[in-house]
Q: 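Dropping the structure in here first, questions after.
Because only heavy atoms are used, hydrogens play no part in the values below, and waters and symmetry mates are left out as well, while side chains stay in. Numbers here simply count residues along the sequence, with the first being 1.
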Amino acid sequence: MERASSRLRVLALLVALMFIALSTRLWFLQVLATQRFDKEARDNSVRFAYTDPLRGQIVDAQGRKLVLNQGSNELRITPDQLGDEGEAVVGRVAKLTDVPIADIVSKLQDKRYLPSQAIPVAEFVPKEVDFYISEHPTRFPGVEVEQTSVRSYPFGRVAAHVLGWTGLIDAAQYADLQKQGYGPNDIVGKAGLESVYEPYLRGERGRQKLIVNADGETIQALGTIPPTDGDDLKLSLDARVQRLAENALVDGMAHARATYTDINGNAMRANAGAVVVLDADTGGVVAMASNPGFDPSWYVHGLTPQQNKYLNTNENVGASNNRAIQLSYTPGSTFKSITALAAVKEGFASLSGSYPCVGEYTHPNDTSGTTFNNWTSANLGYMSIARALEVSCDTVFDAFGSDFYFKWAQNPLGDNGDLLERDLHEWGFESATGIDLPSETDGLVPDPGWAATQPDLFDNGAWIPGGDILTMIGSGYVQVTPLQLAQAYAAIANGGHLCRPHIADQIIAPDGSIEKRIDDHCDRTVPYSAQQLAYIRSALRSVVSSGTAQCAFAGFPTSQIAVAGKTGTAEREAGKQDTSWFASMVGPDPEHPQYVVVTMVEQGGFGGQTAAPITREVIDALYPEVADASQPSCITPDR
């Protein structure tokens, strides 16, 4: 009995000890270990995995693919993660990829990007390289190979300035776009249409919600939102015409260099130029060529230092510049079509009047001895405005310039402006056209207010008669872009509607539906009558049939396709040769031209010898059905 009682006491003690141990453990788990378990619970947290969408394609007016996507293994380096062996790592990457060390270092040191960004340094990396880097992570800290899609260009260099390019988002862009969901390693449009239509082309990233542990291992997938591919962009541009315009520009420039000389006997440099083709009724850009050009795929692979220099810092003002919109030039006699109408509007001339075309002109009552010379010293007698345009008589227009100056002197407009400036502004000059491309320049229309800011050019900044006289003939300090001139000529062609040029025509959703149409904006008009505009069109047809562009269009079947145009030869600063221009309207109906074609060649000489023949080749491209009948019979240095 006593032994049984002893056993019960021992058992009770064991039970008590076990209870104390369990209570202690429970207290430990509930109190002392709370923070540790809370941390472990947080470590099993929610993460999001993102999937990039396919960027929208860009197609021409006929549906030809100008820009599409191509799969690539992209090697990226994050500078912040290179550690102390950065130099050695870069050397290993260079050896694996055959990318020069200097090129890799240049990319990594680009101040536009953050050190924390994964900077692409090589595209289309072989899988063997990817495997090797994955198998040797300690030798390649901060280096990764990602499967991605990059832009591909089936037409090569065609329309490179218009299409633009994409690239890694830079620090400035990231600061602006991160609120829109962009990450530090996203690819964005950097220039051209790629930049302007970035919100449409980009698409929406896909997202997968995951629960992961502290080691990053997925415990559970909670849901997936698939990516939405970007919208496609359909253009008004025709790839066939664009390519032929670019070829015509290159060939015409080469011909000028090999054939023509300046007044000093030096070969023409003809080092750069542009061609613009507009739909006269809508403002749709059918072609926009700029030379020198480049291959947009350079940006896919990453620019070499030599390519970067060629594009941005060469003596010809960088090949990356779109000379149709980003640089402005003195327009020469192509401006006379516009200023003639201004003179009529202000009552200084009439469509039925007759005016002297003398060898040189002097502003009335001018005692400075300044004379303005015509292109010929001969006195060509009295002539109509139409004839003055046909033979490109400067002195007829010089006299109109004096009239504008006297009108200003009698009654200056507000802001110290004058009538000629106001009239030119009505055509859109000195204002960007609003085309859907970035970095368009405004140009310049000189006036008394501007002269006051230029004391080195004008005596004490005072406006002088030569300001209006030279502007009348497209000389002096007036500056326009080829696109601005094309927009103005389109208004002459279509009856006075000043249309905003555009390159995109439609935005097409991934399912093929039209998400948005780019409306034609032709609501602005120029204040000239149908009769006045028809008079100029008729005069410019004479320029082609018997005037300064006669040789360039000899043998062209103008009975089938009417051509009206104006040559221009613009003097430049000392050391630069003349700029060659030709602005034209063309179509089967002479009273309703279908297209406007403007050609400009820097240091190309006379408009009739370089720009006009280039324009003729472009017109052949617009109307291939008559090209076989188009047989040039002479090429001479017409003005």
Side-chain angles (χ1 to χ4, degrees), residues 52 55 72 74-123 125 140-146 148 150-151 160-161 163-196 198-199 202 292 294-322 326-327 437-441:
D52 290 333
R55 195 170 178 86
S72 171
E74 183 177 78
L75 190 146
R76 306 172 180 174
I77 298 178
T78 305
D80 271 357
Q81 298 177 11
L82 287 175
D84 297 333
E85 296 188 7
E87 185 175 340
V89 174
V90 168
R92 295 176 192 131
V93 170
K95 186 175 181 180
L96 278 176
T97 60
D98 290 329
V99 177
I101 291 178
D103 292 358
I104 297 176
V105 171
S106 177
K107 293 180 175 68
L108 299 182
Q109 292 180 344
D110 193 325
K111 299 300 182 183
R112 292 174 298 173
Y113 304 110
L114 300 171
S116 59
Q117 289 182 280
I119 300 174
V121 299
E123 294 290 349
V125 174
F140 296 94
V143 180
E144 60 183 354
V145 177
E146 293 287 338
T148 185
V150 297
R151 295 308 238 175
H161 292 93
L163 300 173
W165 58 86
T166 60
L168 178 67
I169 189 170
D170 59 42
Q173 289 176 307
Y174 181 54
D176 292 336
L177 297 176
Q178 60 178 323
K179 293 182 180 179
Q180 300 178 29
Y182 283 78
N185 296 315
D186 282 353
I187 299 298
V188 297
K190 308 288 279 189
L193 295 172
E194 292 275 21
S195 173
V196 172
E198 166 70 19
R202 179 196 180 204
F294 62 93
D295 188 337
S297 66
W298 290 352
Y299 289 91
V300 174
H301 298 280
L303 296 180
T304 66
Q306 293 77 14
Q307 290 168 346
N308 185 67
K309 181 179 180 181
Y310 167 77
L311 288 165
N312 300 304
T313 59
N314 73 343
E315 62 179 9
N316 296 326
V317 193
S320 65
N321 286 277
N322 183 346
Q326 291 180 292
L327 299 177
L437 287 175
S439 306
E440 184 182 11
T441 191

Q: Output the distance between atom OG1 (T441) and atom CG (N322), rounded to the nearest 0.5 Å.
A: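 Those atoms lie 12.0 Å apart.
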Q: Applying side chain to side chain contact (heavy atoms under 4.5 Å, CB included) to V188 and T166, what does each step give before you reach the verdict?
A: CA-CA 5 Å; V188 297; T166 60; over 6 Å; no
Q: Using modelled atom types only, decide if a donor and an acceptor are shared between the side chain of N185 and the backbone of A118 within a distance under 3.5 Å.
A: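 The answer is yes, because a donor-acceptor pair under 3.5 Å joins these two groups.
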Q: For N308 and L303, which heavy atoms make the closest approach, and how far apart are they?
A: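 Scanning both residues completely, I find the closest heavy atoms to be OD1-CD1, 4.0 Å.
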Q: Determine whether a donor-acceptor pair (N or O, by modelled atom type, separation under 3.5 Å) exists between the side chain of D186 and the backbone of G183.
A: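 Here the side-chain-to-backbone pair exists.
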Q: Does E194 use its side chain to pair, donor to acceptor, with the backbone of A191 at less than 3.5 Å?
A: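 Absent.
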Q: Mind checking side chain to side chain donor-acceptor pair (under 3.5 Å) for Q326 and listing every partner two or more places apart, or none if nothing turns up?
A: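 Q326 satisfies side chain to side chain donor-acceptor pair (under 3.5 Å) with no other residue.
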Q: Please list, chain by chain and in numerical order, all residues satisfying side chain to side chain donor-acceptor pair (under 3.5 Å) with Y182, sequence neighbours excluded.
A: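 Y182 satisfies side chain to side chain donor-acceptor pair (under 3.5 Å) with E198 only.
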Q: Who are the salt bridge (Lys or Arg N to Asp or Glu O under 4.0 Å) partners of E440, not counting sequence neighbours?
A: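 For E440, no residue satisfies salt bridge (Lys or Arg N to Asp or Glu O under 4.0 Å) once neighbours in sequence are set aside.
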Q: To the nearest 0.5 Å, how far apart are CD in E146 and CD in E74?
A: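 Answer for the CD-CD pair, E146 versus E74, is 8.5 Å.
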Q: As an exercise, state the distance from CD1 of I119 to CG of L75, rounded to the nearest 0.5 Å.
A: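 So the gap between those two atoms works out to 12.0 Å.
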Q: Please tabulate, one pair per line, all N/O donor-acceptor pairs under 3.5 Å involving side-chain atoms of residues 77-101, not counting sequence neighbours.
A:
residue : atom : partner : partner atom : Å
R92     : NH1  : R139    : O            : 2.8
T97     : OG1  : V93     : O            : 2.8
T97     : OG1  : V99     : N            : 3.4

Q: Is it true that a side-chain atom of R151 and a backbone atom of Y299 form a donor plus acceptor pair closer than 3.5 Å?
A: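 The answer is no, because no donor-acceptor pair under 3.5 Å joins these two groups.
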Q: Spell out, as yes or no, whether a donor-acceptor pair under 3.5 Å connects the side chain of Q117 to the backbone of L114.
A: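 Yes, the answer is positive, given that a donor and an acceptor are paired below the 3.5 Å cut-off.
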Q: Shortest non-hydrogen contact from A160 to P296?
A: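 Minimum heavy-atom separation between A160 and P296: CB-CD, 3.8 Å.
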Q: My understanding is that only residues two or more places apart in sequence, or in another chain, count here; which of them pass ring pair (Phe, Tyr, Trp, His ring centres under 6.0 Å) with F294?
A: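 F294: ring pair (Phe, Tyr, Trp, His ring centres under 6.0 Å) contacts with H161, W165.
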Q: K190 side chain to L168 main-chain N or O, any donor-acceptor pair under 3.5 Å?
A: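 Indeed, once roles are kept as given, a pair shorter than 3.5 Å links the two residues.
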Q: Mark yes or no for whether S297, through its side chain, and V300, through its backbone, hold a donor-acceptor pair below 3.5 Å.
A: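 Absent.
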Q: Cut-off 3.5 Å, side chains only: do S72 and E123 have a donor facing an acceptor?
A: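 E123 and S72 do have a side-chain donor-acceptor pair below 3.5 Å.
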Q: Is L177 close to R202 at the side-chain level, that is, under 4.5 Å between some pair of heavy atoms?
A: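 They are not in contact (no side-chain heavy atoms under 4.5 Å apart), so the answer is no.
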Q: Could you list all the side-chain hydrogen bond (donor to acceptor under 3.5 Å, both in side chains) pairs where at least one residue sits in residues 103-115, not counting sequence neighbours?
A: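 Listed once each, the pairs are D110-R112.
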